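In what follows, chains carry the letters A, B, and so on, assigned in the order in which the sequence lines appear, proteins first and then strands, with residues in each chain numbered from 1. What you see is a predicted model; the values in this text were computed from it and never measured.
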Amino acid sequence: MKIILKDGTEKEFENGKNVYEIAKSLSQRLAKEAVGGKFNGKIVELFTPINENGKLEILTFDDEDGKKIYWHTSSHIMAQAIKRLYKDVKLTIGPAIDNGFYYDFDVDEPFTVDDFSKIEEEMNKIIKEDLKLERFVLPREEAIKFMDEKGEPYKVELIKDLPEDAVISFYRQGEFTDLCAGPHLPSTGMVKSIKLLSVAGAYWRGDEHNKMLQRIYGISFPKKSMLDEYLNMLEEAKKRDHRKLGKELDLFSIHNEGPGFPFFHPKGMVIRNILEDFWRKEHAKRGYLEIKTPIILNEELWHRSGHWDHYKENMYFTKIDGEDYAIKPMNCPGALLVYNSTMHSYRDLPLRLCELGLVHRHELSGALHGLMRVRSFTQDDAHLFMTPDQVESEILGVIKLIDYFYKIFGFDYFVELSTRPENSIGSDEDWELATNALIKAMEHIGLNYKVNEGDGAFYGPKIDFHLKDSIGRTWQCGTIQLDFQMPERFNCEYVGQDGEKHRPVMLHRVVFGSIERFIAILTENFAGAFPTWLAPVQVKILPISDKHLAYAQNIQQRLLENDIRVELDDRNEKIGYKIREAQMQKIPYMLILGDKEVESGNVSVRSRKEGDLGSKSIQEFLSSILEEIKNKSL
RNA sequence: GCUGGCAUAGCUCAGUCGGUAGAGCAGUUGAUUCGUAAUCAACAGGUCAAGGGUUCAAGUCCCUUUGCCAGCUCCA
């Protein structure tokens with residue numbers, strides 16, 4: 001057979017050679033590191049024989065798919081260890097994830113981290129035993145009987161739910177056998193360095209109505225040094241946590257008096273205001289008109305919009321003069337009232353109404369997370385009203401706008417398309433039309449996306465833009481939602497070219513998502529060292545002694561006149577002390593002023609990134625920092 | 001909301017077997033007038049998250065509540 005290798009070279013092998021043998025013929029080292037293969041795009045095991053021509057990639061731990069194989073086997077080792085130590089535990093599922101693996105167990109007594117060392121010890125024994133993983137297949141009835149006899153009801157349920165034509169495979173390692181599609185490492189001995197990381201509850205099949213299982217997370221590596229490096233990386237990432245930095249840099253606080261209701265401090269407000277100014281400018285350029293709608297509106301409005309039926313659980317209510325009112329969880333009904341307050345011609349469309357709208361939503365207490373998930377936040381919202389034939393170009397416009405914004409901050413993002421959820425309004429035709437319009441727009445500019453089945457808003461499908469935090473968790477920020485329902489419910493109209501009344505299509509969208517969440521993402525991505533255009537304090541003036549105060553004040557004035565955010569450290573402290581503090585506050589530039597500077601009329605510049613930059617004229621410093629701010633340099 | 005863990009000074013954290021709270025940093029005051037990441041000294045700072053219970057005695061043991069952390073669920 002002919003095999004095309006990863007580097008494109010073609011080689012002839014005897015039929016039936018397995019991945020390991022092929023790897024070995026290429027290099028001893030590759031054979032040693034190989035964990036599996038990818039044959040014609042399909043993941044295969046190390047000892048899978050290859051019988052036909054095709055493309056073969058030898059997978060090692062360095063490949064994403066290789067890691068998955070490695071971690072999947074690691075999760076089986078954990079399950080085996082737990083089965084040995086705790087007799088009554090019932091197995092459920094145990095996949096590899098992006099960073100390691102987990103296994104969910106049904107157990108009466110919950111695990112705690114104190115159990116970890118015992119479990120790890122048993123896992124290391126299993127690794128040492130170097131048990132072979134053997135795959136075998138059973139017909140459905142026998143498979144069910146097999147797991148039933150083993151006393152594994154969850155496995156029986158899993159098998160029963162497999163499609164008719166599914167191959168039901170098992171993997172056996174020593175006394176332990178698990179239902180599993182694979183693929184796996186050939187033996188437990190290939191896993192070297194293993195560590196259990198955390199334990200948490202998780203609902204069976206992710207449904208909160210089901211029983212809560214015990215989930216143990218772990219990770220493993222082929223080398224001890226890689227494990228140490230990973231744990232070290234996690235420690236470093238914790239230092240970038242926006243909750244920690246928010247406190248250290250005095251950006252915001254959250255108090256017991258208002259869980260999930262953040263307070264913004266002066267320095268946090270600087271960032272907020274810059275983001276909002278930038279946002280207003282960019283939206284004005286693109287033909288958006290800004291509005292502001294009330295936070296409290298009559299409950300009847302929310303019945304009309306459908307929020308009462310589909311979003312009530314997340315809403316706060318109040319009473320005014322004996323009447324029921326609701327605190328808005330979304331801005332759309334307000335924008336619809338604005339739209340309906342005047343007549344519209346087709347000539348006015350598309351009408352792009354934007355609003356920095358403060359919304360309140362009741363999130364579950366366990367879901368709150370710093371500024372990332374709160375109960376009150378400002379959405380940088382907009383509602384676009386358009387004729388049906390404007391839909392695609394409007395969607396495109398918003399996609400480009402979001403891409404433009406995220407690129408300025410240097411963010412990588414990924415996109416998900418969320419389709420119709422169970423509890424939703426509108427006809428199937430409208431949903432299909434709306435979903436197709438979103439797909440068409442994304443395909444038009446070649447945007448890669450993942451489909452998230454059934455995760456749309458109750459009124460329409462959406463495209464979500466996700467950003468990563470410091471430890472790789474992803475958060476939804478931008479979103480574009482197409483809506484045929486609200487205009488219908490609110491009886492929105494425009495007069496067409498034909499003189500008849502028509503229904504507009506509506507697009508909901510946010511770019512930042514929520515200002516609060518976006519600031520959290522910014523903080524974590526920059527580790528608190530905001531680029532100069534965003535930094536709450538851009539320049540700190542550090543006089544050597546109070547002899548130089550007058551000159552320092554003079555320089556401060558020059559900078560203030562040029563709209564630079566500047567602070568003067570006039571305390572009676574040594575220069576090293578002041579520098580240290582400014583550095584820890586991650587201030588982009590320090591100006592050190594002593595006798596030399598007073599005499600020459602210059603400033604001595606120290607950059608947070610590069611340290612001492614030497615003496616410059618004030619003009620020279622000003623023009624370079626102003627240029628940096630103007631360009632929004634990162 | 002659920003599962004598990006945690007809560008001591010503004011911050012970071014000690015506090016042994018239950019015997020009556022301590023450090024560093026920050027703050028205040030004084031001295032020092034200094035050249036690129038911490039000058040010295042003194043002072044002040046606490047209903048040990050809140051409430052209840054056990055005990056001669058509770059920061060420490062038990063219960064309840066609140067908040068926080070990780071995950072699940074949910075979501076901008």
Using the C1' atom as the reference point in each nucleotide, state the distance between B/G18 and B/G59 in Å, no decimals.
10 Å
Are A/H548 and B/G35 close enough that a side-chain N or O sits under 4.0 Å from OP1 or OP2?
no
Measuring only the P atom in each nucleotide, how far is B/A9 from B/G51? A whole number of Å is fine.
16 Å
Suppose we call a contact any N or O donor and acceptor under 3.5 Å apart; does that hold for the side chain of A/N256 and the base of B/U66?
no
Looking at RNA chain B, which of residues 470-482 of chain A put a heavy atom within less than 4.0 Å of it?
A/R473, A/Q476, A/C477
For B/A38, does either OP1 or OP2 sit under 4.0 Å from a side-chain N or O belonging to A/K578?
no
Between A/W204 and A/D104, is any side-chain donor less than 3.5 angstrom from a side-chain acceptor?
no
What is the nucleic acid contact for A/Q585, judged by heavy atoms within less than 4.0 Å: base, sugar-phosphate only, or nothing?
nothing
Side chains of A/E453 and A/T419 only: does a donor on one sit below 3.5 Å from an acceptor on the other?
yes
Nearest of B/U39, B/C75, B/U33 to any side-chain atom of A/E573?
B/U39
Looking only at the side chains, is there a donor atom on one of A/D483 and A/H508 sitting less than 3.5 Å from an acceptor on the other?
yes
Whole-Å P distance, B/A50 and B/A58:
15 Å
Out of B/A76, B/U39, B/C68, whichever nucleotide has its closest atom nearest the side chain of A/K574
B/U39
Scan the side chains in residues 588-598 of chain A for donor-acceptor partners under 3.5 Å anywhere in the protein, sequence neighbours excluded, and list what turns up.
residue : atom : partner : partner atom : Å
A/Y589  : OH   : A/E628  : OE1          : 2.6
A/D595  : OD1  : A/H548  : NE2          : 2.7
A/E597  : OE1  : A/G594  : N            : 2.8

Which comes earlier along RNA chain B counting from the 5' end, the contact point of A/G576 or that of A/R517, where each point is its nearest nucleotide?
A/G576
If you look at every strand shown and take non-hydrogen atoms under 4.0 Å, does A/I575 touch a base, only sugar-phosphate, or nothing?
sugar-phosphate
In terms of the angle between their ring planes, are A/F465 and A/Y413 parallel, tilted or perpendicular, with boundaries placed at 30° and 60°?
tilted
Verify whether one side chain among A/S617 and A/N602 offers a donor that lies under 3.5 Å from an acceptor in the other.
no
Across all strands, who's sitting opposite B/G19 as a Watson-Crick or G-U wobble pair, both distances under 3.5 Å?
B/C56
Identify which nucleotide among B/C68, B/A26, B/C75 has an atom closest to any side-chain atom of A/R373, counting heavy atoms from C-beta outward.
B/C75
Watson-Crick/G-U partner (both atom distances under 3.5 Å) of B/A70
B/U3
Expressed in whole Å, how much space separates the C1' atoms belonging to B/U3 and B/U60?
26 Å
Of the listed nucleotides B/G35, B/A76, B/U36, the one nearest the side chain of A/K596
B/G35
Students often get this wrong, so: under 4.0 angstrom with heavy atoms, is A/M372 touching a base, only sugar-phosphate, or nothing?
base
Provide a list of protein-nucleic acid N or O atom pairs under 3.5 angstrom, restricted to nucleotides 1-7 of chain B.
residue : atom : partner : partner atom : Å
B/G1    : OP2  : A/S365  : OG           : 2.9
B/G1    : N7   : A/G366  : N            : 3.2
B/G1    : N2   : A/Y203  : OH           : 2.3
B/U3    : O2'  : A/Q214  : NE2          : 2.9
B/U3    : O2   : A/G201  : N            : 3.3

Close N or O pairs between protein and nucleotides 44-47 of chain B (under 3.5 Å):
none

Just checking A/K211: base, sugar-phosphate only, or nothing, at a heavy-atom cut-off of under 4.0 Å?
nothing
Considering Watson-Crick and G-U wobble pairs with both distances under 3.5 Å, what does B/U64 pair with?
B/A50
Determine the interatomic distance between P on B/G15 and the same-named atom on B/U73; round to the nearest Å.
37 Å
Is it the case that the side chains of A/Y449 and A/E416 hold a donor-acceptor pair, with the cut-off being a distance below 3.5 Å and no angle test?
no
Suppose you measure atom C1' in B/C13 against the same atom in B/C17; what distance do you get, rounded to whole Å?
23 Å
Please check if any side-chain donor atom of A/T378 sits under 3.5 Å from a side-chain acceptor atom of A/R272, or the reverse.
yes
Is there a side-chain polar atom (N or O) of A/R243 under 4.0 Å from OP1 or OP2 of B/C69?
yes
For the residue pair A/W308 and A/F317, categorise the inter-ring angle as parallel (less than 30°), tilted (30 to 60°) or perpendicular (more than 60°).
perpendicular
How about A/H307 and A/F458: are their ring centres within less than 6.0 Å of each other?
yes
Separation of atom CG in A/D569 from atom P in B/C34, rounded to whole Å
17 Å
N/O donor-acceptor pairs under 3.5 Å from side chains in residues 251-264 of chain A, not counting sequence neighbours:
residue : atom : partner : partner atom : Å
A/S253  : OG   : A/H255  : NE2          : 2.8
A/S253  : OG   : A/H265  : NE2          : 2.7

If we ignore angles and hydrogens, is there a donor and acceptor under 3.5 Å between the side chains of A/T293 and A/K328?
yes
Result of checking A/L213, A/T92, A/L158 against A/R205 for side-chain contact (heavy atoms from CB on, under 4.5 Å)
A/L158
Going by atom types only, do A/E524 and A/H242 share a side-chain donor-acceptor pair under 3.5 Å?
yes
When you compare B/U29 with B/G5, how far apart are their P atoms, in angstrom units rounded to a whole number?
46 Å
More than 12 heavy atoms of other groups within 6.0 Å of A/D88 CG
no
Which part of the nucleic acid, if any, lies within reach of A/R606 when heavy atoms closer than 4.0 Å are counted: base, sugar-phosphate only, or nothing?
base
Nucleotide B/A76, atom P - distance to CG of A/L358 in whole Å:
16 Å
With a 4.0 Å cut-off on heavy atoms, is A/F518 in touch with a base, just the backbone sugar-phosphate, or nothing at all?
nothing
In terms of the angle between their ring planes, are A/Y103 and A/F105 parallel, tilted or perpendicular, with boundaries placed at 30° and 60°?
parallel
Flag if over 12 foreign heavy atoms under 6.0 Å of NZ, A/K468
no
Where the side chain of A/S545 is defined as all heavy atoms beyond and including C-beta, which of B/G71, B/C34, B/A38 is the nearest nucleotide?
B/C34
Determine the contact category for A/R361: base if any of its heavy atoms lies under 4.0 Å from a base atom, sugar-phosphate if only primed atoms, P, OP1 or OP2 are that close, otherwise nothing.
base
May I ask which nucleotide in the shown strands pairs with B/G35, Watson-Crick or G-U wobble, both distances under 3.5 Å?
none
For the pair A/W71 and A/F221, name the ring-plane relationship: parallel under 30°, tilted 30 to 60°, perpendicular over 60°.
perpendicular
For A/D455, report the nucleic acid contact type (base, sugar-phosphate, nothing); a contact means any heavy atom under 4.0 Å.
sugar-phosphate
Positions of residues 408-426 of chain A (non-hydrogen atom under 4.0 Å from RNA chain B), listed by number:
none
Assigned partner base of B/C43, Watson-Crick or wobble definition, under 3.5 Å
B/G27
Taking only side-chain N and O atoms of A/K244, does any of them lie within less than 4.0 angstrom of OP1 or OP2 on B/U12?
no
Please classify the nucleic acid contact of A/H255 as base, sugar-phosphate, or nothing, using heavy-atom distances under 4.0 Å.
nothing
A/F377 stacking on B/A76: centroids under 5.5 Å, ring planes under 30°?
yes
Between A/Y217 and A/D595, just flag the one whose closest nucleotide in RNA chain B comes earlier from the 5' side.
A/D595
Mind checking the C1' distance from B/A21 to B/U33? Whole angstroms is fine.
40 Å
